[in-house]
There are 2 protein chains.
Amino acid sequence: MSLQHALLGVLEARPMNGYELTRFFEAAPRWVWSAPHSQIYPTLRQMEQAGLIEGQQEIRGTKLRRMVYSITERGLEELRTWVGSGHAAPPVRDAFFLQALFFDMVEPERAASVLGTYIAEQEKLIAEWRAHSEALLAKETDLLKERLKNRPVAEHDRIAKLKAHVFAGQIAVAQARADWARESLRLLAEDGAAGREDA
Amino acid sequence: MSLQHALLGVLEARPMNGYELTRFFEAAPRWVWSAPHSQIYPTLRQMEQAGLIEGQQEIRGTKLRRMVYSITERGLEELRTWVGSGHAAPPVRDAFFLQALFFDMVEPERAASVLGTYIAEQEKLIAEWRAHSEALLAKETDLLKERLKNRPVAEHDRIAKLKAHVFAGQIAVAQARADWARESLRLLAEDGAAGREDA
DNA sequence: TATGCCATGTAAGTCGTTACATGATTAG
DNA sequence: CTAATCATGTAACGACTTACATGGCATA
């Protein structure tokens with residue numbers, strides 16, 4: 001159900017149509033959730049039927065229609081309830097750690113190459129999230145600006161800090177992964193050397 | 001496809017039946033992958049058809065049958081190929097960070113309670129993984145003992161270290177999450193105080 | 001003889017991926 | 001006029017969840 005809550009969370013800032021939401025959820029500098037448009041459009045219709053959001057049709061030009069969805073009172077309530085209550089953690093399922101568990105089955109060079117790619121990926125994510133986190137702290141993102149319009153000015157700093165901190169969390173996790181991968185590289189090198197000495 | 005590779009990785013240590021694999025993948029002290037038996041049994045039959053594993057039927061008592069699966073040469077090859085090559089990272093999708101992104105919408109006390117539960121969960125995972133990591137380093141787990149039987153003694157330490165290190169990675173990530181959650185608690189407390197001062 | 005473990009299944013439904021498909025509008 | 005962008009869909013498939021379902025074996 002998380003996609004629904006993600007959509008509610010975005011629509012809480014301002015009304016949007018499916019296309020805008022799609023750009024948001026398919027965006028390259030990734031956010032905390034992602035989804036393709038093929039999932040977003042049907043979900044929006046579902047949510048409208050459930051009364052969580054309301055669609056308003058608009059016409060651009062003569063024929064190009066778009067449905068602009070806004071969050072309803074029920075949607076807000078659902079979002080607040082979900083955010084305020086605990087949810088069971090999803091089962092552990094990490095394909096990369098699974099792969100790493102069998103690195104002893106391949107030549108160290110191949111494992112090292114896989115690790116190198118992984119580190120680069122994590123670094124890229126870190127860079128994107130860092131930029132986003134800083135933009136939030138500076139209250140420079142479009143969505144945050146919209147969101148703050150409905151909040152008392154006294155709370156603006158608090159809200160910006162809290163949101164930025166979430167991305168700091170993503171960064172911390174990615175950093176832990178990257179650091180671990182670098183240690184793995186060292187471990188592989190050591191072992192490789194030891195292996196050669198023994199041989 | 002990761003479940004298939006997880007199964008191959010376990011069966012590389014020794015032949016097992018669906019029930020044993022199920023206990024492994026549904027185990028409370030979680031591993032790096034999990035799956036219910038309703039997913040495991042059909043997957044095993046699929047993998048047998050694909051020639052990745054081979055089933056041998058055994059009878060306990062008079063009627064109780066069980067299929068003991070062993071990895072085939074093709075399965076080994078598939079596993080090695082998969083382990084040795086890079087795979088695109090799955091899209092970012094973290095329900096807890098998503099939830100945290102909207103903590104400003106609920107009372108700080110509720111957010112704090114959600115964070116508290118989260119921290120406890122992470123700590124529990126850390127404890128389980130720590131125990132598992134230490135058992136691996138000491139070469140005390142059943143599966144590792146089986147696995148090492150087919151490897152040169154000179155490599156035993158290396159293999160144990162590599163496997164244990166994967167769980168150290170899971171621990172590092174969980175630790176990063178827990179630390180982040182603790183910082184979040186501090187941030188919420190600060191803000192709460194500031195909010196009350198302002199009011 | 002009853003409880004707990006061994007052992008294996010099916011089925012319905014949700015979530016997510018990938019590919020296919022269509023057409024309007026705008027800016028250069 | 002043509003390419004990029006706006007805008008919205010469908011369909012098939014695979015992965016995972018949850019619930020339902022059955023029966024044998026061992027031991028107390």
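Lettering of chains follows the sequences in order, A, B, ..., and the numbering in each one begins at 1. The structure presented is a predicted model; accordingly, all values stated were derived computationally and were not measured.
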Quick one: [X] [atom1] to [N] [atom2], roughly how many Å, whole number?
X	N	atom1	atom2	value
E26(A)	dG9(D)	CD	C1'	14 Å
M16(A)	dA7(D)	CE	C1'	15 Å
Y41(A)	dG16(C)	OH	P	18 Å
I40(A)	dG16(C)	CD1	P	11 Å
L21(A)	dC6(D)	CG	C1'	14 Å
F25(A)	dT17(C)	CZ	P	13 Å
E58(A)	dT8(D)	CD	P	10 Å

(request) Using a 4.0 Å cut-off on protein heavy atoms (strictly under), produce a 5'-to-3' string for nucleotides 12-19 of chain D with B for base contact, S for backbone-only sugar-phosphate contact, and - for none. (result) ---SSBBB
(request) For H37(A), check ring pair (Phe, Tyr, Trp, His ring centres under 6.0 Å) against everything at least two apart and list the hits. (result) none
Polar-atom pairs under 3.5 Å, protein N or O versus N or O of nucleotides 4-6 of chain C: list them with distances, or write none.
from: dC6(C); atom 1: OP2; to: Y19(B); atom 2: OH; distance (Å): 2.8

(request) Please name the pair of heavy atoms, one in W33(B) and one in A95(A), separated by the smallest distance, quoted to 0.1 Å. (result) CZ3-N, 3.5 Å
(message) If I compare all heavy atoms of F24(B) with all of V10(B), which pair ends up nearest, and what's the gap?
(response) CE2-CG2, 3.8 Å
(message) With a 4.0 Å limit, can you tell me whether R65(A) has a side-chain N or O closer than that to the phosphate oxygens OP1/OP2 of dG9(D)?
(response) yes
(request) Kindly say if T62(B) contacts the phosphate of dC25(D), meaning a side-chain N or O under 4.0 Å from OP1 or OP2. (result) yes
(message) Side chain of P42(A), heavy atoms from C-beta onward: which of dT10(C), dT8(C), dT10(D) has the nearest atom to it?
(response) dT10(D)
(message) Please list all pairs meeting salt bridge (Lys or Arg N to Asp or Glu O under 4.0 Å) that have one or both residues in residues 174-185 of chain A, counting only residues at least two apart or in different chains.
(response) D94(A)-R177(A), E123(A)-R182(A)
(message) Does anything in residues 34-47 of chain A form a salt bridge (Lys or Arg N to Asp or Glu O under 4.0 Å)? List the pairs, not counting sequence neighbours.
(response) none
(message) Assess whether a salt bridge exists between K163(B) and D104(A), defined as any Lys/Arg side-chain N lying under 4.0 Å from an Asp/Glu carboxylate O.
(response) yes
(request) Starting from the 5' end of DNA chain C, give me the residue, E20(B) or I59(A), whose nearest nucleotide shows up first. (result) E20(B)
(message) Do W180(B) and H165(A) have side chains that approach each other closer than 4.5 Å (heavy atoms only, starting at C-beta)?
(response) yes
(request) Please write out which residues are connected to I59(A) in a hydrophobic cluster, directly or through intermediates, given that two of Ile, Leu, Val, Met, Phe, Trp, Tyr count as joined at side-chain heavy-atom separations below 4.5 angstrom. (result) none
(message) Run F25(B) and W31(B) through ring-ring contact (aromatic ring centres under 6.0 Å, His included) and show every step you take.
(response) CA-CA 7 Å; F25(B) 282 88; W31(B) 197 52; 5.6 Å; yes
